[in-house]
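Because the structure is predicted, anything quoted here is derived from the model rather than measured. Labels below follow one simple rule: chain letters A, B, ... track the order of the sequence lines, proteins then strands, and each chain is numbered from 1.
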Amino acid sequence: MVSYARPSSASIRDANLYVSGLPKTMTQKELEQLFSQYGRIITSRILVDQVTGISRGVGFIRFDKRIEAEEAIKGLNGQKPPGATEPITVKFANNPSQKTNQAILSQLYQSPNRRYPGPLAQQAQRFRLDNLLNMAYGVKSRFSPMTIDGMTSLAGINIPGHPGTGWCIFVYNLAPDADESILWQMFGPFGAVTNVKVIRDFNTNKCKGFGFVTMTNYDEAAMAIASLNGYRLGDRVLQVSFKTNKTHKA
DNA sequence: TACCATT
């Protein structure tokens, strides 16, 4: 079976949808069934966690025609799929490419370590020394909550902040102009940081006041939280904690 | 502006 090139015309351009808020149990087939009422689906995908294989609750649907995608947005955005408890978000997908490179560049050039001489780096140094002592001599101190280690191997589905590939940290009270580099700079000194994200308003591109940081090791994440929660960044006091699932309530 | 997710 060869795959034929599809004609590139305005009618089929930008017919690709990004879907979020999907039930974790929804399969690709079920996703297609949901959207197929609006037109011919060319491709579909559900993104999964690389470690656990569990759905990340987001996916893509590419329709044959733009008008089909538009109708699907009208019909499904903000709606609950059959059996779902939460509504899904359906919007046109961003163009791939441009955005991921920004994070990589940030990672390469910001050099998370050694940018923060001062109290934070000193605490991080203190903690690393503490870890070395622990490994070398079995010394266990308040900085090394090794009791959690038994949990880290359990795929951690129900452990707050743990998505399977690291420990996800919620950072609140970032300034509107905050960007990813500040997160690398703040958290990098505490250990291995695999991902940072500033959540922005789609229209204004201003930070919505919060972001996320993923760290590989529990003890380093815990140290970063203990050190950075309440930290004054500019004229704001940050709130830093492991990420939870539920939306903030009262 | 209190809990992401962009193949």
Side-chain angles (χ1 to χ4, degrees), chain A residues 3 6 13-24 26-28 31-32 35 41-63 69 72-73 77 86-104 106 157-180 182-184 187 193-215 221 225 228-231 233 236-250:
Chain A
S3 65
R6 303 174 65 240
R13 196 149 43 219
D14 302 325
N16 195 31
L17 296 180
Y18 170 78
V19 188
S20 61
L22 295 169
K24 299 290 193 290
M26 179 177 273
T27 64
Q28 183 180 5
L31 180 67
E32 288 200 6
F35 279 81
I41 295 168
I42 302 302
T43 59
S44 69
R45 177 165 300 185
I46 288 179
L47 302 187
V48 299
D49 183 281
Q50 288 189 354
V51 175
T52 66
I54 294 172
S55 168
R56 293 163 64 193
V58 300
F60 296 88
I61 292 281
R62 180 182 293 281
F63 279 103
I73 291 175
N77 183 42
E86 298 301 321
I88 61 175
T89 298
V90 184
K91 59 174 83 166
F92 285 108
N94 297 153
N95 279 331
S97 75
Q98 69 210 354
K99 117 149 243 245
T100 316
N101 296 330
Q102 294 287 355
I104 294 172
S106 175
I157 303 304
N158 293 317
I159 301 174
H162 195 255
T165 170
W167 298 87
C168 192
I169 298 168
F170 176 62
V171 183
Y172 179 71
N173 212 17
L174 296 171
D177 62 351
D179 70 348
E180 272 71 12
I182 190 61
L183 294 179
W184 287 112
F187 286 82
V193 176
T194 57
N195 187 260
V196 303
K197 179 82 174 179
V198 170
I199 306 306
R200 296 183 174 85
D201 181 273
F202 182 81
N203 294 314
T204 68
N205 211 36
K206 291 295 184 183
C207 174
K208 293 167 81 168
F210 62 98
F212 298 91
V213 174
T214 303
M215 297 187 70
I225 290 170
L228 294 173
N229 185 38
Y231 181 72
L233 179 63
R236 291 160 173 265
V237 176
L238 299 184
Q239 293 179 39
V240 183
S241 63
F242 282 116
K243 180 187 182 305
T244 60
N245 304 332
K246 296 292 182 183
T247 303
H248 178 265
K249 325 179 223 197

Begin from the C-alpha positions of A/Tyr18 and A/Phe92 and carry the test ring-ring contact (aromatic ring centres under 6.0 Å, His included) through to its verdict.
CA-CA 6 Å; A/Tyr18 170 78; A/Phe92 285 108; over 10 Å; no

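Between the CZ atom of A/Phe210 and the P atom of B/dC4 there is a distance of 6 Å, rounded to whole Å. Rounded to whole angstrom, the span from the CD1 atom of A/Ile88 across to the P atom of B/dT6 amounts to 17 Å. The separation between A/Asp177 atom CG and B/dT1 atom C1' is 15 Å, rounded to whole Å. At whole-Å resolution of the value, CG in A/Asp179 and P in B/dC4 are 20 Å apart. Atom NZ in A/Lys91 sits roughly 11 Å away from atom C1' in B/dA5 (whole-Å rounding). A/Lys206 has its NZ atom 14 Å from the C1' atom of B/dT1, to the nearest Å. Rounded to an integer number of Å, the gap from A/Ile199 CD1 to B/dC3 C1' is 9 Å. Rounded to whole Å, atom P of B/dA5 lies 10 Å from atom CZ of A/Arg56.
Checking B/dC4, B/dT1, B/dA2 against the side-chain heavy atoms of A/Lys197 singles out B/dC4 as nearest. Ranking B/dA2, B/dT6, B/dC4 by closeness to the A/Gln239 side chain, first place goes to B/dA2. Distances were taken from every side-chain heavy atom of A/Lys24 (C-beta onward) to each of B/dC3, B/dA5, B/dT1; the shortest belongs to B/dA5.
The distance between the ring centers of A/Phe242 and A/Phe170 does not fall below 6.0 angstrom.
Residues A/Ala93 and A/Ser241 each lie close to DNA chain B; by heavy-atom proximity, the contact nearer the 5' end of the strand is made by A/Ser241.
Every residue meeting the side chain to side chain contact (heavy atoms under 4.5 Å, CB included) condition with A/Pro176, not counting sequence neighbours, appears here in chain and number order: A/Lys206, A/Arg236. Among residues two or more places apart in sequence or in another chain, the side-chain hydrogen bond (donor to acceptor under 3.5 Å, both in side chains) test is passed with A/Gln28 by A/Ser44.
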